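Okay, structure first, notes after.
All figures in this text were calculated on a predicted structure; none of them were measured in a lab. So you know, we letter chains A, B, ... as the sequences are listed, proteins then strands, and number each from 1.
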Protein chains: 2
Amino acid sequence: MNTESVATRAPRRDAAENRAALLLAAKVVLNRDPSASLETIAAEAGLSRRSVYGHFVNRDELLLELVTSGARRVAISLEGLSHPDPLVRLALIASRLWQEIESVRMMAVIAIRGPLASHTAAALDPVRRIVREAITDGQRDGSMRNDLGRELLARLVEDTALLVLEESAEHPLPAREGHNLVMLMTLGVVGYGWRDAQNFIDAHHELDWTIPS
Amino acid sequence: MNTESVATRAPRRDAAENRAALLLAAKVVLNRDPSASLETIAAEAGLSRRSVYGHFVNRDELLLELVTSGARRVAISLEGLSHPDPLVRLALIASRLWQEIESVRMMAVIAIRGPLASHTAAALDPVRRIVREAITDGQRDGSMRNDLGRELLARLVEDTALLVLEESAEHPLPAREGHNLVMLMTLGVVGYGWRDAQNFIDAHHELDWTIPS
DNA sequence: GATAACTTGCACAATGCTGTGCAAGTTATT
DNA sequence: AATAACTTGCACAGCATTGTGCAAGTTATC
């Protein structure tokens, strides 16, 4: 059955674990310092820099895998997100992003530098699309401000959500409050005053905080 | 009169110009790429990397001077900013920051890396102080939201203003619109719905756009 | 036009990072 | 217990960057 005729042994189980440990370490370390060295990442994973090259051909390959797996997490978490009310939809997106905060921040950080930028942008494209959709609908039905263009508003929403995630990294918030804050700020950007925004959130159970699985 | 007894000639005028050119170039280049090399900066200034060391002992010295002069610009532009209404005050701060956008962005960018970070933070302290003052007053008199703590709200306001400045760097806005947008977003963060925020701005001449001097 | 002030180019050392080869270990699997 | 799979440490090359010395230019100022 083997492609090669030589008898080959199955890969060791701990190898896969180490690979995963490296990815996890990278996520953690890069959240702290976007330009951390492989040395630092490997150390965090409890491995040597040399052995990184046993799992990834490149620094970039490592980041690439990080980004794609992160994007997959986010995509899955956003999957099947469809609610008639575009406002609820938008708040739900914010809510889900909060649950995937580590991946999102890591990607945002990587998206800035080097050749990974374009790939990261592409990976996050689905998120952007549903954000725009919600905003288009919201502007059409009058539930969202119309003094700003759709494009601009979409970017402001994205960046504001990210802002809250960053903020909560430097000054940690109880998960419950962070979750509420992202939604609150998102609704604020699309035009709502703080009381209205909070009332809206309180009025929709879909937006309630639930302990993360 | 000279400290030294040897006859000494006055420094050449173009030296000062070149020094200024370097600072300007650094501001421009670092806005594009926060980790630009001295080579790049010198080239932008039309000088050679070697001659940078004729004006500054260090890379860090250059940045230090950039930051301090930038902070001075901002401080001056914020000088004598006192209005009874804390909301107007806050919007005025946003307005002034918009006028000093290049300095502000440059400082924000530098504030992230290396040993300059603490100095930059210190240089921007006055700005932070008046922001907090306005927010304290605003929360007291009920004109700003009170569902978020003063500290948190202050940071959100700062970051949101910065967000708009960054946004306008990537997707340029007419000065007039950018100016309005920073104020709009700032008022939004402290609790106002989009119509109320715009009405507020329109109702106060102090917040009108005036061609920059 | 003499000369100090300034710029330049080159060479060089030092640093910190990535990526590779290899020999010697350790450990999971068979 | 044999052995392939994996890790490690070290040495080395390559690259980009900062910072310095120096000799040769250019130019503003006296």
Legend entry - salt bridge (Lys or Arg N to Asp or Glu O under 4.0 Å) partners of A:Arg72, counting only residues at least two apart: none

Inset, instruction - Return the residues of residues 26-40 of chain B meeting this criterion: a heavy atom under 4.0 Å from some atom of DNA chain D. Order them by number, or give none. - result: B:Ser37, B:Leu38

Report all interatomic pairs (protein N or O, nucleotide N or O of nucleotides 6-8 of chain D) with separations under 3.5 Å.
from, atom 1, to, atom 2, distance (Å)
D:dC6, OP1, A:Arg12, N, 3.1
D:dT7, OP1, A:Asn18, ND2, 2.6
D:dT7, OP1, A:His55, NE2, 3.2
D:dT7, OP2, A:His55, NE2, 3.1
D:dT8, OP2, A:Ser48, N, 2.9
D:dT8, OP2, A:Ser48, OG, 3.2
D:dT8, OP2, A:Ser51, OG, 3.1

Inset, instruction - Can you sort out the partners of B:Ala111 under side-chain contact (heavy atoms from CB on, under 4.5 Å), two or more places apart, ordered by chain and number? - result: B:Thr120

Legend entry - Of residues 56-67 of chain A, the positions that come close to DNA chain C - non-hydrogen atoms, cut-off under 4.0 Å: A:Val57, A:Asn58, A:Arg59

Inset, instruction - Can you sort out the partners of A:Arg12 under salt bridge (Lys or Arg N to Asp or Glu O under 4.0 Å), two or more places apart, ordered by chain and number? - result: A:Asp14

Legend entry - Heavy-atom pair of closest approach, residues A:Leu66 and A:Leu23: CD2-O, 3.6 Å

Legend entry - Qualifying salt bridge (Lys or Arg N to Asp or Glu O under 4.0 Å) pairs, either residue in residues 91-101 of chain A, two or more places apart: A:Arg73-A:Glu100

Legend entry - Taking every non-hydrogen atom, the tightest pair across B:Leu181 and A:Leu152: CD2-CD2, 4.1 Å

Inset, instruction - State, with a plain yes or no, whether a side-chain heavy atom of A:Leu184 is found less than 4.5 Å away from one of B:Asp147. - result: yes

Could you go through residues 169-179 of chain A and list every donor-acceptor pair under 3.5 Å that involves a side-chain atom there, pairing it with any protein atom two or more places apart or in another chain?
from, atom 1, to, atom 2, distance (Å)
A:His179, NE2, A:Ser95, OG, 2.8

Legend entry - Within residues 105-112 of chain B, residues whose heavy atoms come under 4.0 Å of DNA chain C: none

Legend entry - Min side-chain heavy-atom separation B:Val182-B:Ile101 under 4.5 Å: no

Inset, instruction - Go through the structure and list residues passing salt bridge (Lys or Arg N to Asp or Glu O under 4.0 Å) with A:Arg129, not counting sequence neighbours. - result: none

Inset, instruction - Please identify each residue that fulfils salt bridge (Lys or Arg N to Asp or Glu O under 4.0 Å) with B:Glu206, with sequence neighbours left out. - result: none

Result block: side-chain N/O donor-acceptor pairs under 3.5 angstrom for residues 28-43 of chain B, not counting sequence neighbours:
from, atom 1, to, atom 2, distance (Å)
B:Asn31, OD1, B:Arg105, NH1, 3.4
B:Asn31, OD1, B:Met106, N, 3.4
B:Asn31, ND2, B:Lys27, O, 3.3
B:Asp33, OD1, B:Ser35, N, 3.1
B:Asp33, OD1, B:Ser35, OG, 3.2
B:Ser37, OG, B:Glu39, N, 3.4
B:Ser37, OG, B:Thr40, N, 3.3
B:Ser37, OG, B:Thr40, OG1, 3.0

Legend entry - Between D:dT27 (C1') and B:Glu17 (CD): distance, integer Å: 12 Å

